Amino acid sequence: MAELKSLWHLLPEQLSLVTSELIKFLIASGSQRPQQLLGTTRKQYFDDHLVIRNLKGVDGERILHAVPYNKLMLNTLDEISETSSYRFMGKMEDRPLHTQSLSRAVTKLYSRHKQLFDGAFTLRDIRRTCKTLMGVAGLDKEVRDRIQGHAFSDVSSKHYDRYDYFKEKQRGLQRWSIWLQKNIVSRE
């Protein structure tokens with residue numbers, strides 16, 4: 001928890017506004033897969049959610065993964081007012097930030113502030129840390145898996161269950177946002 005809090009409060013130190021807000025958005029969203037999030041066009045952002053094309057589907061299927069917004073996610077989107085095709089635009093016009101750039105940014109923050117972390121901290125660690133801390137916040141494993149867009153490959157999920165679990169993800173992300181506000185964002 002201390003590492004995530006340190007990371008949040010280091011932002012935007014020597015990072016672009018887009019990179020800084022993207023890291024906050026990843027944390028607030030329960031840590032979606034960065035590559036898929038960055039490939040999400042502006043057209044896939046709606047009033048109450050965004051839709052990510054999940055490339056990790058069962059048997060190579062491309063599953064659409066709806067991610068409801070919480071307050072912290074909306075705050076980060078409000079901070080960046082880019083008008084390109086992508087919400088998190090990179091240096092090249094009308095191109096998203098590259099995943100490697102994001103990864104380097106997290107690694108550089110860690111290397112400048114090693115004393116704030118228990119060990120090496122990378123972009124991948126954000127996803128793992130969020131998954132763990134969402135459990136601490138009281139979200140059960142199934143909801144955490146659904147928030148992070150994991151595929152369910154049991155027979156029932158694969159062939160019969162077509163429910164989108166939007167309301168469950170929405171409640172989970174709201175709870176996560178409240179927990180983040182209290183334990184990570186707050187300076188107390």
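Bear in mind the structure is a predicted one, so any value in this text is a computation, not a measurement.
- Looking at every heavy atom in both residues, Ile147 comes nearest to Gln32 through O-NE2, 2.8 Å.
- Of the possible polar contacts, none joining the Thr129 side chain to the Ile126 backbone as a donor-acceptor pair under 3.5 Å is found.
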TODO: Test Lys169 against Gln174 for side-chain contact (heavy atoms from CB on, under 4.5 Å), laying out the working first.
DONE: CA-CA 8 Å; Lys169 290 189 282 187; Gln174 292 302 333; over 6 Å; no
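- Met73 contributes atom CE, which lies 9.5 Å from atom OG of Ser177 (distance to the nearest 0.5 angstrom).
- When all heavy atoms are compared, the tightest approach of Ala105 to Leu15 is CB-CD2, 3.6 Å.
- Using a 4.5 Å heavy-atom cutoff, the side chains of Thr122 and Asp125 are in contact.
- Qualifying salt bridge (Lys or Arg N to Asp or Glu O under 4.0 Å) partners for Glu13, counting only residues two or more places apart in sequence or in other chains: Arg112.
- Among residues two or more places apart in sequence or in another chain, the side-chain contact (heavy atoms from CB on, under 4.5 Å) test is passed with Thr99 by Pro34, Gln35, Leu38, Leu123.
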Side chains of residues 16-25: which donor-acceptor pairs under 3.5 Å do they make with residues two or more places apart or in other chains?
unit_1	atom_1	unit_2	atom_2	d
Ser16	OG	Thr19	N	3.1
Ser16	OG	Thr19	OG1	2.9

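- Note that Arg95 lies outside the cation-pi zone of Tyr86, set by a 6.0 Å cut-off to the ring centre and a 45° limit from the axis.
- Residues Ala137 and Trp179 approach most closely at CB-CG, 3.4 Å, considering heavy atoms.
- Contacts of Lys182 classified as side-chain contact (heavy atoms from CB on, under 4.5 Å), with partners at least two apart in sequence or in another chain: none.
- Contact check for Asp118 versus Glu3: side-chain heavy atoms found under the 4.5 Å cut-off.
- For Gln148, the side-chain contact (heavy atoms from CB on, under 4.5 Å) partners two or more places apart in sequence, or in a different chain, are Ser31, Arg127, Lys131, Met134, His150.
- Between Asp140 and Arg144 there is no salt bridge, since none of the side-chain N atoms of the basic residue sits less than 4.0 Å from a carboxylate O of the acidic one.
- Here OG of Ser111 is found 8.0 Å from CG of Leu109. Values are rounded to the nearest 0.5 Å.
- No continuous path of hydrophobic side-chain contacts links Ile178 to Leu74 [ILVMFWY only; heavy atoms under 4.5 Å].
- Cluster annotation: Phe166 and Tyr45 are assigned to distinct hydrophobic clusters (Ile/Leu/Val/Met/Phe/Trp/Tyr, side-chain heavy-atom contacts under 4.5 Å, transitive).
- Atom CG of Leu37 and atom CD of Gln44 lie 10.0 Å apart (nearest 0.5 Å).
- Cluster partners of Tyr163, by chain and number: Tyr165. The rule joins Ile, Leu, Val, Met, Phe, Trp and Tyr whenever side-chain heavy atoms lie under 4.5 Å apart.
- Grouped by direct or indirect side-chain proximity (heavy atoms under 4.5 Å, Ile/Leu/Val/Met/Phe/Trp/Tyr only), Met92 sits alone.
- Not counting sequence neighbours, Arg124 has no partner by the side chain to side chain donor-acceptor pair (under 3.5 Å) test.
- Residues passing the side-chain contact (heavy atoms from CB on, under 4.5 Å) test with Phe46 are His49, Val51, sequence neighbours excluded.
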TODO: Report the C-alpha separation of Leu7 and Ile184 in whole Å, then their side-chain angles, then the decisive distance to 0.1 Å, and conclude whether the side-chain contact (heavy atoms from CB on, under 4.5 Å) test is met.
DONE: CA-CA 9 Å; Leu7 178 64; Ile184 302 299; over 6 Å; no
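- Scanning all heavy atoms of the two residues, the minimum distance from Pro68 to Leu173 falls at O-CD1, 3.1 Å.
- Residues that satisfy the salt bridge (Lys or Arg N to Asp or Glu O under 4.0 Å) test with Glu142, not counting sequence neighbours, are Arg146.
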TODO: Could you walk me through whether Gln36 and Thr40 pass the side-chain contact (heavy atoms from CB on, under 4.5 Å) test, one step at a time?
DONE: CA-CA 6 Å; Gln36 292 173 10; Thr40 301; 5.5 Å; no
Task: Residue pair Leu97, Met89: steps toward the side-chain contact (heavy atoms from CB on, under 4.5 Å) verdict - done: CA-CA 5 Å; Leu97 185 70; Met89 193 172 91; over 6 Å; no
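- In this structure, CG on Leu180 lies 8.0 Å from CG on Leu133, to the nearest 0.5 angstrom.
- Within the 4.5 Å cutoff, the side chain of Ile27 has heavy atoms near those of the Cys130 side chain.
- Among all heavy-atom pairs drawn from Val185 and His9, the shortest one is O-CE1, 2.8 Å.
- Summarising the geometry of Leu72 relative to Ala28, their closest heavy-atom pair is CB-CB, 3.6 Å, with the distance given to 0.1 Å.
- Counting only residues at least two apart or on different chains, the ring pair (Phe, Tyr, Trp, His ring centres under 6.0 Å) pairs with a member in residues 95-124 are Tyr110-Phe117, Phe117-Phe121.
- Judged as a side-chain hydrogen bond (donor to acceptor under 3.5 Å, both in side chains), not a single pair has a partner in residues 67-78 (not counting sequence neighbours).
- Between Asn183 and Val136, the closest side-chain pair of non-hydrogen atoms is not below 4.5 Å.
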